[in-house]
Protein chains: 2
Amino acid sequence: MRNRAICAGLEPDELDALGQLGRKQRVAKGQTVLWEGDDSVVVANVIEGVLKVSMSISDGREQIVGLVFASDFIGRPFGQQSPYSVTALTDAELCIFSRSTFDSFARQHPELEHKLLRRTLTELDRAHEWMLLLGKKTATERIATLLLEMSARLGETGCSADNNALDAFELPLDRQQMGDVLGLTIETVSRQLSLLKADGVINLPDRRTVAIQDRARLQDLSAAA
Amino acid sequence: MRNRAICAGLEPDELDALGQLGRKQRVAKGQTVLWEGDDSVVVANVIEGVLKVSMSISDGREQIVGLVFASDFIGRPFGQQSPYSVTALTDAELCIFSRSTFDSFARQHPELEHKLLRRTLTELDRAHEWMLLLGKKTATERIATLLLEMSARLGETGCSADNNALDAFELPLDRQQMGDVLGLTIETVSRQLSLLKADGVINLPDRRTVAIQDRARLQDLSAAA
DNA sequence: CGTCCAATTGAGCAGTGTCAATTACCGTGG
DNA sequence: CCACGGTAATTGACACTGCTCAATTGGACG
């Protein structure tokens, strides 16, 4: 697991020092670990589980701006406030650091900052891809894209570079959350899934699991670049 | 100008070495300096002008995922391909580096990587904010948000920390480009601007300039968090 | 077996998109 | 300097996607 985590590539003594600074913590499904607008007091590494990163408007509208999986990083280093909330979608285990402690440790360990930079750049690429989806794609295309993305990201095991996209997987999201990721309502999500099922592109054995039956077709429908 | 640029904070000798690696280049309005999907051969620092960062779908739909101003950084360091295109919205001047040269220089200069990391984190915050806009805001809210954002970013002079939001400014975007930033059509953009003008919130002396007449109201309409 | 909540499905509507016509602006050349 | 042409922007009428509100179904669990 450790090899993809933020600490990967550090010298053993560095890794040890970093380990001293963090503490493991379990969080239950539904629990929020970071609040939008609050002082940015902690950052963390995800050891296990899936979490959502979300932003909202005062009237309650919420957009999920990211999903975080095992070995991913959460929190806003080098910033006074957290621009978003982070909430566990499944039971999860985190390795938590005080933000200020992490910041100064990072500044003294260029290799760590380098890793963090690469991660942040990848995250930015993903955000851009999602902006294209939110700004220009139709409901069908959004659903298809999400299913392929979940298939790919849940297939990453963390060990080496095996990108086995899964053909059947359990969604860590309910319909409302899928809507909040895609900029759609719960009803539109449901309708689109029903259509894909009726067309034989996917199957939905139960409310949380998806089985991709015609990946090529799903890729066409996703309107990839 | 230099104080906000990527090279800020480097030791004089480092700054000198970096300067050796880059070359200044003028680009004309409309010219594309980076193509989506192409090998990521260059990165650059913007010296002057405004550029758009965009992604598109094969059928021609385009989403602008970022706007780049003087002292901002463009290109994808540490990546094989450029995930987006970059095109000049005004005549511009860049300081261009070979990507591989820049990458290895950066790896040897932690302070530079640190600056780049901070920048990338800020860019990611902006992308998240925009995802909220694209996923959840109405047309009116989007327009109001864009006008305030342009007012703020065009007001940044680059010298010290003066954030003078401008009450009148020239948009570097035409209506189509505003639409491509906001996930709206040209007609919707035009209608919303006309409405704001009719309500006395803004004035539109000519097709490119905006004068904010009631900033408080515009802020309300923008549905900020 | 009944209850509860998520998900699905239906009907009608609203907000944007589409397509088309008109107007305003700006540069050009007479 | 003014007339003209071309492009960008505006405005109008209508269509359509996705949203809202409401009713129904379907699982999961006690």
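The figures here come from the full heavy-atom set of this structure, side chains too, leaving out hydrogens, waters and symmetry mates.
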Run A:Leu218 and A:Leu196 through side chain to side chain contact (heavy atoms under 4.5 Å, CB included) and show every step you take. CA-CA 9 Å; A:Leu218 200 56; A:Leu196 287 174; 4.3 Å; yes
I want to check one thing: is the phosphate of D:dC19, taken as OP1 and OP2, less than 4.0 Å away from some side-chain N or O of A:Thr188?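 Yes.
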Between [options], spot the one nearest the side chain of [X], thanks.
{"X": "B:Asp174", "options": "D:dT10, D:dC19, D:dA9", "value": "D:dA9"}
{"X": "A:Ser190", "options": "C:dT8, D:dG18, D:dA9", "value": "C:dT8"}
{"X": "A:Arg175", "options": "C:dA7, C:dT16, D:dG18", "value": "C:dA7"}

Separation of [X] atom [atom1] from [N] atom [atom2], in whole Å?
{"X": "A:Ile202", "N": "C:dA7", "atom1": "CD1", "atom2": "P", "answer": "14 Å"}
{"X": "B:Leu195", "N": "D:dA9", "atom1": "CG", "atom2": "C1'", "answer": "15 Å"}
{"X": "B:Leu204", "N": "D:dA9", "atom1": "CG", "atom2": "C1'", "answer": "11 Å"}
{"X": "B:Lys197", "N": "C:dT23", "atom1": "NZ", "atom2": "P", "answer": "16 Å"}
{"X": "A:Lys137", "N": "C:dT16", "atom1": "NZ", "atom2": "C1'", "answer": "20 Å"}
{"X": "B:Leu133", "N": "C:dT16", "atom1": "CG", "atom2": "C1'", "answer": "15 Å"}
{"X": "A:Arg142", "N": "D:dG18", "atom1": "CZ", "atom2": "P", "answer": "7 Å"}
{"X": "B:Leu182", "N": "C:dT16", "atom1": "CG", "atom2": "P", "answer": "12 Å"}

So, B:Arg99 side chain and B:Asp39 main chain: donor-acceptor pair closer than 3.5 Å or not? no
Between B:Arg142 and B:Ser222: side-chain donor-acceptor atoms closer than 3.5 Å: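 Per modelled atom types, B:Arg142 and B:Ser222 side chains form no pair under 3.5 Å.
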Just how large is the angle between the end axes of the helix from C:dC1-D:dG30 to C:dG30-D:dC1, five pairs per end, to 10 degrees?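 The end axes of the helix from C:dC1-D:dG30 to C:dG30-D:dC1 are about 30° apart, to the nearest 10°.
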Looking for any heavy atom pair under 4.0 Å, which part of the strands does [X] touch: base, sugar-phosphate only, or nothing?
{"X": "B:Leu193", "value": "nothing"}
{"X": "A:Gly183", "value": "sugar-phosphate"}
{"X": "B:Ile186", "value": "nothing"}

Is [Y] paired with [X] through a side-chain N to carboxylate O contact shorter than 4.0 Å?
{"X": "A:Glu141", "Y": "B:Arg61", "answer": "yes"}
{"X": "B:Asp180", "Y": "B:Lys52", "answer": "no"}
{"X": "A:Arg208", "Y": "A:Glu170", "answer": "no"}

List the residues meeting side chain to side chain donor-acceptor pair (under 3.5 Å) with B:Ser194, not counting sequence neighbours, and say none if there are none. none
Can you confirm whether or not the ring centre of A:Phe102 sits under 6.0 Å from the ring centre of A:Phe78? no
If you take all heavy atoms of B:Ile212 and B:Leu166, which pair is closest and at what distance?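 The pair with the smallest heavy-atom distance is CD1-O, 4.2 Å.
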Identify the two heavy atoms, one from A:Ser40 and one from A:Gly79, that lie closest to each other, and give their separation to 0.1 Å. CB-O, 3.4 Å
Could you run through nucleotides 21-30 of chain D and give me one letter per nucleotide, 5' to 3': B if any protein heavy atom sits under 4.0 Å from the base, S if only the sugar-phosphate is that close, - if neither? B----B----
